[in-house]
J.: 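So that we are looking at the same thing, I have put the structure below in structure tokens.
Because only heavy atoms are used, hydrogens play no part in the values below, and waters and symmetry mates are left out as well, while side chains stay in. Numbering starts at 1 and runs along the sequence shown.
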Amino acid sequence: MDTAVRVVLLSRAGCHLCDEARAVVGRVCADLGVDWREDDLLGEDVPADLRLRHADDIPVTFVDGVVHDFWRVDEERLRAALAR
């Protein structure tokens with residue numbers, strides 16, 4: 001994972017939970033001035049082992065390269081993690 005980006009959202013096209021997670025991550029990161037990006041689970045940049053490990057957990061949110069949340073993003077929990 002890219003160390004310059006603090007938050008990575010691993011998502012899949014057509015996923016309504018991903019849409020919700022994207023909104024929360026985007027809002028929190030914009031408020032805190034934190035860089036983030038979204039990677040498609042099926043994209044070429046996602047390693048096969050990561051794809052297999054998280055195929056049923058989408059969306060998955062990583063903070064500083066570590067799994068933070070999956071399925072849903074808790075806004076307050078994300079804010080607290082980024083404040084550290």
Side-chain angles (χ1 to χ4, degrees):
M1 299 248 152
D2 183 351
T3 56
V5 175
R6 292 205 57 203
V7 179
V8 175
L9 176 63
L10 188 59
S11 64
R12 179 175 23 220
C15 165
H16 74 281
L17 292 177
C18 298
D19 295 340
E20 293 172 15
R22 183 180 308 109
V24 173
V25 169
R27 178 174 53 250
V28 169
C29 288
D31 287 352
L32 299 177
V34 172
D35 289 332
W36 75 283
R37 76 165 191 272
E38 183 172 356
D39 291 342
D40 187 312
L41 177 72
L42 302 177
E44 293 178 8
D45 294 337
V46 176
D49 64 318
L50 197 65
R51 196 174 302 137
L52 288 172
R53 188 174 329 130
H54 295 296
D56 295 328
D57 300 335
I58 297 299
V60 182
T61 308
F62 297 84
V63 174
D64 297 326
V66 178
V67 173
H68 177 73
D69 270 328
F70 57 92
W71 296 329
R72 301 213 183 260
V73 179
D74 181 287
E75 184 167 343
E76 294 307 313
R77 191 168 122 69
L78 181 59
R79 286 182 186 277
L82 293 172
R84 294 183 197 139

J.: Look up atom CG in L78 and atom CZ in R27, then write down how far apart they are to the nearest 0.5 Å.
T.: 10.0 Å
J.: Hey, what do you get for CG (L10) to CZ (F70), rounding to the nearest 0.5 Å?
T.: 13.0 Å
J.: Quick check for you: to the nearest 0.5 Å, what is the distance between R72 atom CZ and L17 atom CG?
T.: 5.0 Å
J.: Tell me, yes or no, whether the heavy-atom count around D45 atom CG, taken from other residues, nucleotides or ligands under 6.0 Å, exceeds 12.
T.: no
J.: Rounded to the nearest 0.5 Å, what's the gap from NE2 on H68 to OG1 on T61? Could you check?
T.: 7.0 Å
J.: Could you tell me if the side chain of D40 sits less than 4.5 Å from the side chain of V46, heavy atoms only?
T.: no
J.: Is there a continuous path of hydrophobic side-chain contacts, each under 4.5 Å between heavy atoms, that joins L32 to V8?
T.: no
J.: If we ignore hydrogens and angles and just use 3.5 Å, is the side chain of R12 paired with the main-chain N or O of C18 as donor and acceptor?
T.: no
J.: Report whether L41 and L9 are members of the same hydrophobic cluster (ILVMFWY, side-chain heavy atoms less than 4.5 Å apart, transitive linking).
T.: no
J.: Taking all non-hydrogen atoms of both residues into account, name the closest pair between W71 and I58 and its distance.
T.: CD1-O, 3.6 Å
J.: Any salt bridge between D31 and R79, counting N to O under 4.0 Å?
T.: yes
J.: With a 4.5 Å heavy-atom cut-off, do R84 and V63 have their side chains touching?
T.: no
J.: Answer yes if V5 and V34 sit in the same cluster of Ile, Leu, Val, Met, Phe, Trp and Tyr residues linked by side chain heavy atoms under 4.5 Å apart, and no otherwise.
T.: no
J.: With a 4.5 Å limit on heavy-atom distance, are the side chains of D35 and R6 in contact?
T.: no
J.: With a 4.5 Å cut-off on side-chain heavy atoms, are V73 and P59 touching?
T.: no
J.: Let me confirm one number: the CG-CZ distance from D69 to R77, rounded to the nearest 0.5 Å.
T.: 4.5 Å
J.: For the residue pair D39 and F62, establish whether any side-chain heavy-atom pair is separated by less than 4.5 Å.
T.: no
J.: Considering all heavy atoms of both residues, which atom of W36 and which atom of C29 are nearest to each other, and what is their separation?
T.: CD1-CB, 3.5 Å
J.: So, taking the atom named OG in S11 and the one named NE2 in H54, what distance separates them when rounded to the nearest 0.5 Å?
T.: 13.0 Å
